[in-house]
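Numbering starts at 1 and runs along the sequence shown.
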Amino acid sequence: MNQVVDPGDVVVDATVGNGHDTVYLAKLVGPQGHVYGFDIQKAAIEHTATALENAHLQPSVTLTHAGHETLATVLPADQPIKCAIFNLGYLPGGDKTIITHAATTLTAVTALENRLATNGLIILMVYAGHPGGQAEAQALHDHVTQLDQQTFQVLQYGFINQVHQPPYLIAIQKR
């Protein structure tokens, strides 16, 4: 993210969780940039709002208490996005029955691909080891392997000799 995001950029935290990535992104874009954050869980929005308040970063962030599949209706239609981050699965320390799903994640990723600035980046931390995670991981894999290599380059990074299906990263960069 540090090599892609500059002060003044517009970025997305598609799953704000406990707010760590949102705060980090807000620091990267600075007061002239903007972060759009989404989460379906009210507790996640509240944790993130508190973290932003503690870091004095609230003015550069818009939090939306809704799933990331709604981002196309929240983001300005003509606004290029420099970076978006997803931590899939469930909220750490939260309700483990509320998880991300393939359909909603693919809706959000596709919307972001269409708005991604040149050299922009979508980062997905994929947790296949939880119930429903394998289906989401497979749907993402199927989607990203079909992206036009002239328009996007896709990287998958993760451990291959670990037990319990550790998370892995997928990065989609627009050329």
Side-chain angles (χ1 to χ4, degrees), residues 1-17 19-40 48 57 60-64 66-89 100-128 133-162 165-175:
M1 287 188 293
N2 293 7
Q3 297 160 348
V4 173
V5 178
D6 294 314
D9 284 340
V10 175
V11 299
V12 173
D13 186 347
T15 52
V16 299
H20 304 296
D21 291 335
T22 313
V23 167
Y24 187 73
L25 287 168
K27 288 177 182 177
L28 286 177
V29 301
Q32 283 74 42
H34 202 81
V35 180
Y36 290 90
F38 298 83
D39 210 293
I40 198 163
T48 302
L57 295 167
S60 62
V61 179
T62 299
L63 295 176
T64 301
H68 49 243
E69 70 275 12
T70 65
L71 62 82
T73 63
V74 174
L75 300 173
D78 60 347
Q79 178 61 63
I81 302 300
K82 195 65 171 287
C83 183
I85 188 163
F86 292 73
N87 276 300
L88 302 177
T100 57
H101 297 279
T104 57
T105 298
L106 287 174
T107 297
V109 168
T110 301
L112 288 165
E113 289 165 356
N114 293 330
R115 296 164 187 243
L116 206 56
T118 301
N119 295 320
L121 187 62
I122 300 171
I123 301 167
L124 299 120
M125 194 56 138
V126 181
Y127 295 82
Q134 190 61 43
E136 184 175 39
Q138 186 62 54
L140 277 169
H141 182 269
D142 293 346
H143 173 75
V144 300
T145 56
Q146 297 301 312
L147 290 175
D148 177 25
Q149 68 178 351
Q150 301 303 315
T151 306
F152 297 99
Q153 50 189 358
V154 181
L155 169 83
Q156 181 175 323
Y157 182 78
F159 293 103
I160 58 174
N161 69 336
Q162 304 294 304
Q165 293 184 298
Y168 60 90
L169 183 132
I170 295 175
I172 305 166
Q173 188 165 34
K174 187 168 184 180
R175 294 181 183 264

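In this structure, CG on Leu71 lies 4.5 Å from CG on Leu112, to the nearest 0.5 angstrom. Thr104 contributes atom OG1, which lies 5.0 Å from atom CD of Glu69 (distance to the nearest 0.5 angstrom). Here the CD1 atom belonging to Ile170 is positioned 9.5 Å from the CG atom belonging to Leu155, to the nearest 0.5 angstrom.
For Asn2, the side chain to side chain contact (heavy atoms under 4.5 Å, CB included) criterion is met by Tyr24, Leu28, not counting sequence neighbours. Listed by chain and residue number, nothing satisfies the side chain to side chain donor-acceptor pair (under 3.5 Å) test with Gln79 (two or more places apart in sequence, or in another chain). Remark: Asp148 engages Thr151 in a side chain to side chain donor-acceptor pair (under 3.5 Å) (not counting sequence neighbours). In this structure, the side chain to side chain contact (heavy atoms under 4.5 Å, CB included) partners of Gln173, at least two apart in sequence or on a different chain, are Val4, Asn119, Leu121, Gln153. Thr105 meets the side chain to side chain donor-acceptor pair (under 3.5 Å) test with His68, Glu136; sequence neighbours excluded. Taking Asp21 as the reference, Asp13, Ile85, Asn87 meet the side chain to side chain contact (heavy atoms under 4.5 Å, CB included) condition, with sequence neighbours excluded. Under the ring-ring contact (aromatic ring centres under 6.0 Å, His included) criterion, Tyr36 pairs with His34, not counting sequence neighbours. Every residue two or more places apart in sequence or in another chain was checked for a side chain to side chain donor-acceptor pair (under 3.5 Å) with Gln156, and none qualifies. Partners of Ser60 under the side chain to side chain contact (heavy atoms under 4.5 Å, CB included) rule, at least two apart in sequence or in another chain, are Ala26. Under the ring-ring contact (aromatic ring centres under 6.0 Å, His included) criterion, His143 pairs with no residue at all, not counting sequence neighbours.
A side-chain N or O of Asp142 and one of Gln138 form a donor-acceptor pair less than 3.5 Å apart.
For Gln149, the CD atom counts as loosely surrounded, since its 6.0 Å shell holds 12 or fewer non-hydrogen atoms of other residues, nucleotides or ligands.
Summarising the geometry of Pro80 relative to Val10, their closest heavy-atom pair is O-CB, 3.9 Å, with the distance given to 0.1 Å. In this structure, Val74 and Thr64 approach most closely via the heavy-atom pair CG1-OG1, 3.8 Å. Leu116 and Ile172 get closest at one heavy-atom pair: CD2-O, 4.1 Å. Of all non-hydrogen atoms in Ala137 and Val126, the two that sit nearest each other are CB-CG1, 3.6 Å. Tyr168 and Gly158 get closest at one heavy-atom pair: CB-CA, 3.9 Å. Scanning all heavy atoms of the two residues, the minimum distance from Ala128 to Gln165 falls at O-OE1, 3.6 Å.
Residue pairs meeting the salt bridge (charged side-chain N to carboxylate O under 4.0 Å, His left out) criterion with at least one member in residues 72-89, sequence neighbours excluded: Asp6-Lys82, Asp9-Lys82.
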Working for side chain to side chain contact (heavy atoms under 4.5 Å, CB included), residues Val12 and Phe86 | CA-CA 9 Å; Val12 173; Phe86 292 73; over 6 Å; no
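In this structure the side chain of Val154 never reaches within 4.5 angstrom of the side chain of Thr145, judged on heavy atoms.
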